[in-house]
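Take a look at the structure below.
Small disclaimer: the values here were computed from a predicted structure and weren't measured.
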Amino acid sequence: MTQLIDFILHIDEHLVTIINTFGGWTYLILFLMVFIETGVVIFPFLPGDSLLFAACALAANEAYHLNVWLLFGLFLAAAVLGDTVNYEIGKHLGLAASNSSLFGRLINRDKLAGAEAFFNKHGGKTIAIARFMPLVRTFAPFVAGGSNMHYPKFIHYNLLGGFLWVTMCCVAGFFFGNVPFVKEHFSIVVLGIIAISLIPVLITALRSRKPKAAA
């Protein structure tokens with residue numbers, strides 16, 4: 001866990017090491033990292049926003065020989081494919097996972113039934129907005145699949161959310177990642193990105209507690 005935290009907080013330095021060590025294979029490594037973070041429900045803790053930001057910040061520096069357009073395409077493909085795979089896992093294993101000791105506390109039949117009603121009403125917006133929320137973006141497509149959300153509706157908002165997420169993170173990283181203040185205080189910037197992305201999660205949690213408090 002300590003190594004993971006260090007990797008996230010100093011992700012720019014670790015990406016430089018990856019580039020220097022693996023060269024052109026860096027593109028595949030970055031693709032897999034985003035794909036796993038969005039597509040494998042047991043890995044919601046991997047870096048997402050900060051990874052895209054840092055990679056595109058390095059792409060803005062010619063010394064690292066990274067093509068920002070290639071990164072954009074790979075990140076978009078990884079994000080969309082990851083959510084699609086996660087949806088299919090939830091669709092085929094949702095109920096089975098709810099009965100397991102590993103997922104039972106997070107996902108059960110009652111929650112899946114409630115999620116189905118929720119996604120039928122707000123599903124599209126949920127999938128798109130979840131892209132900007134750490135942890136939630138990994139669980140949202142899984143629950144959508146487990147609750148039998150209509151696939152054409154899911155893929156439409158999967159593409160929309162993925163495009164907006166990758167575009168915003170890549171543009172921000174490419175144009176602001178090499179600003180002197182950002183380069184000198186990258187760990188603080190990463191924490192700021194994480195904090196901002198967690199705001200919708202906290203607001204949603206607080207809103208969900210109000211009805212219970214009133215009851």
Side-chain angles (χ1 to χ4, degrees), residues 33-53 75-98 100 102-172 193-215:
M33 289 177 68
V34 175
F35 175 80
I36 292 172
E37 192 260 349
T38 57
V40 183
V41 72
I42 61 173
F43 290 106
F45 46 81
L46 293 178
D49 313 77
S50 57
L51 175 64
L52 271 62
F53 182 91
F75 286 149
L76 180 58
V80 172
L81 289 174
D83 263 27
T84 302
V85 169
N86 212 341
Y87 173 93
E88 292 297 331
I89 293 174
K91 182 178 180 180
H92 292 91
L93 301 179
L95 289 177
S98 70
S100 72
L102 180 60
F103 295 106
R105 294 182 181 181
L106 294 174
I107 305 169
N108 54 46
R109 291 173 184 263
D110 292 336
K111 289 181 179 179
L112 286 175
E116 182 174 0
F118 180 83
F119 276 106
N120 285 337
K121 185 176 181 180
H122 304 290
K125 291 183 290 185
T126 300
I127 294 301
I129 295 173
R131 284 289 187 184
F132 301 89
M133 304 163 67
L135 303 180
V136 177
R137 68 168 156 260
T138 303
F139 285 103
F142 179 85
V143 177
S147 60
N148 294 313
M149 179 180 178
H150 193 46
Y151 183 75
K153 185 176 183 180
F154 168 81
I155 194 63
H156 172 77
Y157 285 100
N158 178 14
L159 289 168
L160 175 62
F163 177 79
L164 292 176
W165 179 59
V166 172
T167 299
M168 292 181 65
C169 291
C170 288
V171 168
I193 293 173
I194 295 173
I196 292 173
S197 60
L198 285 175
I199 290 176
V201 181
L202 296 176
I203 293 176
T204 301
L206 290 174
R207 286 181 175 178
S208 64
R209 291 183 62 181
K210 287 183 178 180
K212 294 181 180 179

Original post:
Shortest non-hydrogen contact from T38 to N86?
Top reply: O-ND2, 2.9 Å

Subject >> Qualifying salt bridge (Lys or Arg N to Asp or Glu O under 4.0 Å) pairs, either residue in residues 154-165, two or more places apart >> reply: none

**OP:** Provide the closest heavy-atom pair for Y151 versus E88 in the form atom of the first, atom of the second, distance.
**Re:** CE1-OE2, 4.2 Å

**OP:** Report yes if the side chains of I127 and M149 come closer than 4.5 Å at any heavy-atom pair, otherwise no.
**Re:** yes

Sequence neighbours left out, cut at 3.5 Å: what donor-acceptor pairs do the side chains of residues 162-172 make with other protein atoms?
{"from": "W165", "atom 1": "NE1", "to": "D49", "atom 2": "OD2", "distance (Å)": "3.1"}
{"from": "W165", "atom 1": "NE1", "to": "R131", "atom 2": "O", "distance (Å)": "3.3"}
{"from": "T167", "atom 1": "OG1", "to": "F163", "atom 2": "O", "distance (Å)": "2.6"}

Subject >> Passing option when D83 is tested against Y157, F142, F154 for side-chain contact (heavy atoms from CB on, under 4.5 Å) >> reply: F154

Subject >> Contact list for residues 140-152, test salt bridge (Lys or Arg N to Asp or Glu O under 4.0 Å), sequence neighbours left out >> reply: none

Subject >> For F75, all residues meeting ring pair (Phe, Tyr, Trp, His ring centres under 6.0 Å), sequence neighbours excluded >> reply: none

Original post:
Which salt bridge (Lys or Arg N to Asp or Glu O under 4.0 Å) pairs, counting each pair once, include a residue from residues 159-168, with sequence neighbours left out?
Top reply: none

